Q: 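Structure incoming, see below.
As the structure is a prediction and not an experimental result, all values here were calculated from the model. Chain naming here is simple, since letters A, B, ... match the order of the sequence lines and numbering starts at 1 in each.
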Number of protein chains: 2
Amino acid sequence: MTSQTELQPAPERLQVTTLQPQSRATLADVGRLAGVSSKTVSRVVLDSGNVSKDTRDKVLAAARSLRFRPNHLARNLRHGSVTNTVAFIIGDLTNPFYFLVAAGIERELARHGLMMILAATDDDPASEERVVQNLLDQRVRALLMVPIAADQGYLEGERQLGTPVVCIDRPARNLIADSVVLGSFEATAEAVRGLIRAGHRRIAFVCSPAALYTHQERLRGYRQALREAGVLDSSPWERLENPGGPTAEESVRDLLAMSEPPTAIIAGNNHASLGVVRALGNHFDRLAFIGFDDFELADALGISVIAYDPAELGRRAAQLVIARLNDLIGPPQQIEIATHLIHRGSGELLVPRDQ
Amino acid sequence: MTSQTELQPAPERLQVTTLQPQSRATLADVGRLAGVSSKTVSRVVLDSGNVSKDTRDKVLAAARSLRFRPNHLARNLRHGSVTNTVAFIIGDLTNPFYFLVAAGIERELARHGLMMILAATDDDPASEERVVQNLLDQRVRALLMVPIAADQGYLEGERQLGTPVVCIDRPARNLIADSVVLGSFEATAEAVRGLIRAGHRRIAFVCSPAALYTHQERLRGYRQALREAGVLDSSPWERLENPGGPTAEESVRDLLAMSEPPTAIIAGNNHASLGVVRALGNHFDRLAFIGFDDFELADALGISVIAYDPAELGRRAAQLVIARLNDLIGPPQQIEIATHLIHRGSGELLVPRDQ
DNA sequence: AGTCTCAATGTCAACGTAGACATTACGAAT
DNA sequence: ATTCGTAATGTCTACGTTGACATTGAGACT
């Protein structure tokens, strides 16, 4: 059904106008037409003063007629190869979470006249360095990244050269860099404590692969809270999705089929939450459920989540980059974004009666 | 709860290494160290042959020790200011739909050594031209855009200069440009015909604002199918969300409260679908429901949708851009991406018994 | 009238790279 | 031994821009 149609407008005219790739006008071209030097044109374009009204008008007219457009490449080269682009490097482009982060970044950067280049590593640690090097060759002014590779040490040299690096969602390894993260440990622990207060003891933890660091933190928080309640071995209820292994959805079905099934589930991230929802179908009352990350329709489905603003992650990271570009010096910062538990029902279920 | 912590590693050492923004090594620097001319270094870097193994090794060693990195700005300037970046301009960055499109674009571009700059216009028609001009100043090689402004005529000059422009999701206005769109009209008509065959007559159409073109097409398809079935006036059941007016969710509640409520609903896009879901709560059996655009959990909720692959939209658009960059000439093309109705239950409901 | 000030404009060079072209030198072919 | 081919390397320049500095001229002040 995918098809191609050609639109009507006179093809020959089109070809003619397309086949003359008139190269772009330069300052000198404009100057020639206006009868002034290229430097004067430059002054007009930059609005740097000391140009008579008369000349100014002539130059602007000439520029318009030639469709002059300042060449940022040359400009940047002239100024020491400093561009106004910042790169954001993501592993998995299809995760809506990162898109919201990207939106926050883009907006904040735009407020400061910077542009965002988006690059993906397809969650392939090996391609991370390649992609980063390529971006540095483009002379991006700073790097925002969700670290994927086991080690970001390869950026040490670049850091010394003054390129700000800000890591998002998890800190860099082997690299002194700023980072903006979530308080995963404490947030998860607190959620689990709530379940414990409600009487739950058999609490499961499900998560999909992806972010090692965040998931470890969340797992730590989960275990910590259970330990506080005297539950020392939670391993039967921990289901960490591994590549090739069962999916979050399958893990949940598996948990439900246990002889002593959990009475509550914590989902480690939005993917895992979706798995839980799929596995539970319409039977949300079978157990208590709290997901990390808010997700679309969670409100409609009455699912309690540990929420935060992904755009805020991006915004803060971008602000940090901008501060560094403005000569903020000092030790690396780790900014923690606030999370909060949103009660929507699923997390407040009491321990089922049959306990 | 948002906090800032400082990491440990020795601050003084950090400051020392940060405060020397050693400027980057150039070809000439490397040549000096290796005892050859900058041109020879250039040859090594470009791997353009005619360099003795011996020299080559020396140069590579020097380059490594100086952390040499080729300057793409200078390179691009040298080659007529042709970069390897392509811009993708979106209105609303928070719509997950566009993110999936962006993912498709990014991947396809990357396969051809191109990078994607993502820019947002915040759905503000006025800012579209500003953003675009800015990007052109950066010498992006091509533009991919979801048109927001009423008119893209301002790009005509640029098109004549040979910059490919490909519009996504809706065609450009006042500009001869390629576009990649969905078969919205036919797909919607077909979905409605299905409902009609199942006996429905009072079929509502709900959509949120956003894309004027697509929504008009879908509305046209909806009306067309109804007209075929002899329903000439569908206006009582058309709920087009306008800024400031009722949301999709409210519109649905309103529809359900009618004395003769619709027996089926078509949602014009994913936003509208979510509104419908929220309004219906758990009562999906109250009426038949088909949404345009697939969305997360639609499968789990058993909601029938008109689906397609957003990444495919992006991929095809990127392919078109690449073809144009490779001197594909000829009239503008309009590529239509296939859609298909996914039956999940909600669209197959018979007319409620009380009819 | 002579000197000074400063606005208006121009000239020159350099940012880092790579094509065009020049030069060198060494082994091969005559 | 001389010529030739060519691999290896170098020199020069332009890409478009803008800072640093130079020049011009007209009005202000003594």
Q: Listed in order of residue number, which residues of residues 54-65 of chain B have a non-hydrogen atom at under 4.0 Å from DNA chain C?
A: none
Q: Going by distance alone, is a donor N or O of one side chain under 3.5 Å from an acceptor N or O of the other, for T163(B) and E158(B)?
A: yes
Q: With sugar-phosphate meaning primed atoms plus P, OP1 and OP2, does N71(B) contact a base, only sugar-phosphate, or nothing at under 4.0 Å between heavy atoms?
A: sugar-phosphate
Q: Mind checking what makes side chain to side chain donor-acceptor pair (under 3.5 Å) contact with D47(B), not counting sequence neighbours?
A: R56(B)
Q: Would you tell me if any nitrogen or oxygen in the side chain of S37(B) comes within less than 4.0 Å of OP1 or OP2 on dT11(D)?
A: no
Q: Starting from C1' on dT23(D), measure out to NZ on K39(A) and report it in whole angstrom.
A: 15 Å
Q: Mark yes or no for a side-chain to base donor-acceptor pair under 3.5 Å between R43(B) and dG10(D), with no hydrogen or angle criteria applied.
A: yes
Q: Is any N or O donor-acceptor pair between the side chain of R75(A) and the base of dT17(D) shorter than 3.5 Å?
A: no
Q: For the helix from dA1(C)-dT30(D) to dT30(C)-dA1(D), how many degrees between its two end axes (five pairs per end), to the nearest 10°?
A: 50°
Q: Remember a base hit wins even if backbone is also touched, and classify L73(B) as base, sugar-phosphate or nothing at under 4.0 Å, heavy atoms.
A: nothing
Q: Which part of the nucleic acid, if any, lies within contact of V36(B), taking any heavy atom under 4.0 Å across all strands shown: a base, the sugar-phosphate backbone alone, or nothing?
A: sugar-phosphate
Q: Do N71(B) and L27(B) touch side chain to side chain, with heavy atoms closer than 4.5 Å?
A: no
